[in-house]
A.B. asks: 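Before I ask anything, here is the structure I am working with.
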Number of protein chains: 2
Amino acid sequence: MENEIKYTEKEIELLLKKHGIRLTAIRILILKEMFKFKNTFNLTDLEISLDTIDKSTIFRTIILFEEQHLLHSIEDGSGSVKYCVCTQDHICSINELHAHFHCEVCKQTFCIENEHIPLIHLENGFIAKSINYTIKGICPKCKDINHMN
Amino acid sequence: MENEIKYTEKEIELLLKKHGIRLTAIRILILKEMFKFKNTFNLTDLEISLDTIDKSTIFRTIILFEEQHLLHSIEDGSGSVKYCVCTQDHICSINELHAHFHCEVCKQTFCIENEHIPLIHLENGFIAKSINYTIKGICPKCKDINHMN
DNA sequence: GTTTATGCAAATTCTTTGCAATACT
DNA sequence: AGTATTGCAAAGAATTTGCATAAAC
């Protein structure tokens with residue numbers, strides 16, 4: 001594992017509580033694991049790295065976290081829903097949502113942190129709850145490997 | 001069927017040819033059916049309305065149409081990929097792509113025709129091929145039915 | 001002790017593929 | 001004849017659910 005742990009046990013617990021999520025050993029473990037992913041992750045990613053925990057438990061935990069706005073989902077057209085954790089440096093309210101980039105070669109999905117999603121005008125009567133802005137293409141690493149331009 | 005047929009047999013055939021797609025009776029039938037949907041449609045929608053044609057044939061036809069840029073796909077997080085046909089009044093090149101609105105109540109996905117997707121700046125090295133901009137929320141009809149605001 | 005969370009097993013849904021049969025040129 | 005298209009059947013992948021057990025409050 002090449003990742004640096006950003007959050008202490010205590011901080012993980014506070015984050016859960018802040019979002020009105022009851023503490024359990026498994027939820028702490030799952031959230032801790034989520035922070036290990038540099039980019040986004042899907043259910044299978046978590047299932048593999050948390051192989052003692054049942055898939056359905058992870059699934060229901062993701063649903064709970066999403067309902068409590070501790071994470072949000074990204075549809076990148078890869079065939080599985082990706083997730084990323086909402087933290088204070090990674091804002092997820094509707095006006096400050098960030099966009100994502102999905103590489104069609106390596107299948108990774110990156111957060112585009114530096115810019116918010118530009119909003120467009122909605123006709124009267126439509127109520128926006130969330131926005132998904134995903135650019136698909138080729139990331140720098142895969143471009144170099146495949147000598148594309 | 002409350003839909004008005006917008007395209008004649010002849011126009012359907014021309015559209016296929018224009019996109020370098022060989023004509024077959026089934027492809028003409030499928031494209032004609034696609035135009036009947038006011039909004040977007042998915043594989044199952046077509047499977048139901050074209051119940052004499054096999055699902056895998058429809059699937060492979062969609063892939064072909066998409067490769068030839070006769071239609072484009074939309075990931076709206078509904079669990080199935082939606083499609084909509086690219087016509088001259090419904091531009092689909094990357095700079096002129098339109099956004100979509102997905103209603104979480106009725107599960108319909110609407111094209112937002114009046115505005116192009118605003119582009120955001122990509123860091124050096126990223127190559128964009130397509131963009132997916134989908135707003136999720138509640139459509140006017142469902143808002144009224146459920147007395148929401 | 002009652003509510004909530006978890007694991008196991010399996011169902012469901014959506015997508016995709018192999019292969020044989022058919023149609024087209 | 002040879003290539004492209006289609007149908008059938010089934011595989012694969014991702015998601016979701018029912019129910020019994022275990023944990024938390």
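All values derive from a computational prediction rather than experimental measurement. Labels below follow one simple rule: chain letters A, B, ... track the order of the sequence lines, proteins then strands, and each chain is numbered from 1.
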A.B. asks: So, OP1 or OP2 of dG7(D): does either fall under 4.0 Å of a side-chain N or O from S56(B)?
C.D. replies: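 Negative; the distance criterion is not met.
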A.B. asks: When you measure from the side chain of R22(A), which nucleotide among dC14(C), dT15(D), dA5(C) comes out closest?
C.D. replies: dA5(C)
A.B. asks: Side-chain heavy atoms nearer than 4.5 Å, only ILVMFWY residues, links allowed to pass through others: does that put F35(A) and I74(A) together?
C.D. replies: no
A.B. asks: Rounded off to whole Å, could you give me the CG-to-P distance for the L23(B) and dT25(C) pair?
C.D. replies: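 The answer, rounded to whole Å, is 9 Å.
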A.B. asks: Between N39(A) and T109(A), do the side chains contain an N or O donor and an N or O acceptor separated by less than 3.5 Å?
C.D. replies: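 The answer is no; no qualifying pair exists.
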A.B. asks: Rounded to the nearest Å, what distance is computed from the CD1 atom of residue I30(A) to the C1' atom of nucleotide dG7(C)?
C.D. replies: 12 Å
A.B. asks: Does T24(B) place a side-chain N or O at less than 4.0 Å from the phosphate oxygens OP1/OP2 of dT6(D)?
C.D. replies: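 Affirmative; the distance criterion is met.
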A.B. asks: Please state how far atom CD in E66(B) lies from atom P in dT16(C), giving the value in whole angstrom units.
C.D. replies: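 After rounding, the reported distance stands at 10 Å.
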A.B. asks: Counting side-chain heavy atoms from C-beta on, which of dT17(D), dA10(C), dA14(D) comes nearest to K55(A)?
C.D. replies: dA10(C)
A.B. asks: Would one find a side-chain N or O of R60(B) under 4.0 angstrom from OP1 or OP2 of dT6(D)?
C.D. replies: no
A.B. asks: Reckon T57(B) touches a base, only the sugar-phosphate, or nothing at all at heavy-atom distances under 4.0 Å?
C.D. replies: base
A.B. asks: Taking CG from L64(A) and C1' from dT15(D), how many angstroms apart are they, rounded to a whole number?
C.D. replies: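 L64(A) atom CG is separated from dT15(D) atom C1' by 17 Å.
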A.B. asks: From the options dT6(C), dG7(C), dC8(D), select the nucleotide whose nearest atom is closest to the side chain of R27(A).
C.D. replies: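 Comparing dT6(C), dG7(C), dC8(D) against the side chain of R27(A), the answer is dT6(C).
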A.B. asks: Report the distance from atom CD1 of I28(A) to atom P of dA24(D), rounded to the nearest whole Å.
C.D. replies: 10 Å
A.B. asks: Does a nitrogen or oxygen in the side chain of S80(A) sit under 4.0 Å from OP1 or OP2 of dT15(D)?
C.D. replies: no
A.B. asks: For E11(B), is the CD atom crowded, meaning more than 12 foreign heavy atoms sit under 6.0 Å from it?
C.D. replies: yes
A.B. asks: Could you check whether the rings of H100(A) and H72(A) sit parallel, tilted or perpendicular, using 30° and 60° as the cut-offs?
C.D. replies: tilted
A.B. asks: Can you measure Q68(B) atom CD to dA4(D) atom P for me and round it to whole angstrom units?
C.D. replies: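 Distance check: Q68(B) CD to dA4(D) P gives 13 Å.
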A.B. asks: Between dT6(C), dA14(D), dT17(C), spot the one nearest the side chain of I26(A), thanks.
C.D. replies: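 Of the options given, the side chain of I26(A) lies nearest dT6(C).
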A.B. asks: Could you state the CD1-P distance from I58(A) to dC8(C), rounded to the nearest angstrom?
C.D. replies: 12 Å
A.B. asks: For D54(B) and dA10(D), what is the distance between atoms CG and C1' respectively, to the nearest whole Å?
C.D. replies: 12 Å
A.B. asks: How would you list all residue pairs meeting side-chain hydrogen bond (donor to acceptor under 3.5 Å, both in side chains) that involve residues 124-138 of chain B, not counting sequence neighbours?
C.D. replies: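 Non-adjacent pairs meeting side-chain hydrogen bond (donor to acceptor under 3.5 Å, both in side chains): E75(A)-K136(B), N132(B)-T134(B).
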A.B. asks: Please determine, for the side chain of I53(B), which listed nucleotide (dT16(D), dG7(D), dT6(C)) has the closest atom?
C.D. replies: dG7(D)
A.B. asks: Here's a test of your reading of the structure: between T52(A) and L43(B), which maps to the more 5' nucleotide of DNA chain C?
C.D. replies: T52(A)
A.B. asks: Among dT15(C), dA10(C), dT6(C), find the nucleotide with the atom closest to the side chain of V81(B).
C.D. replies: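 The answer is dT15(C), which lies nearest to the side chain.
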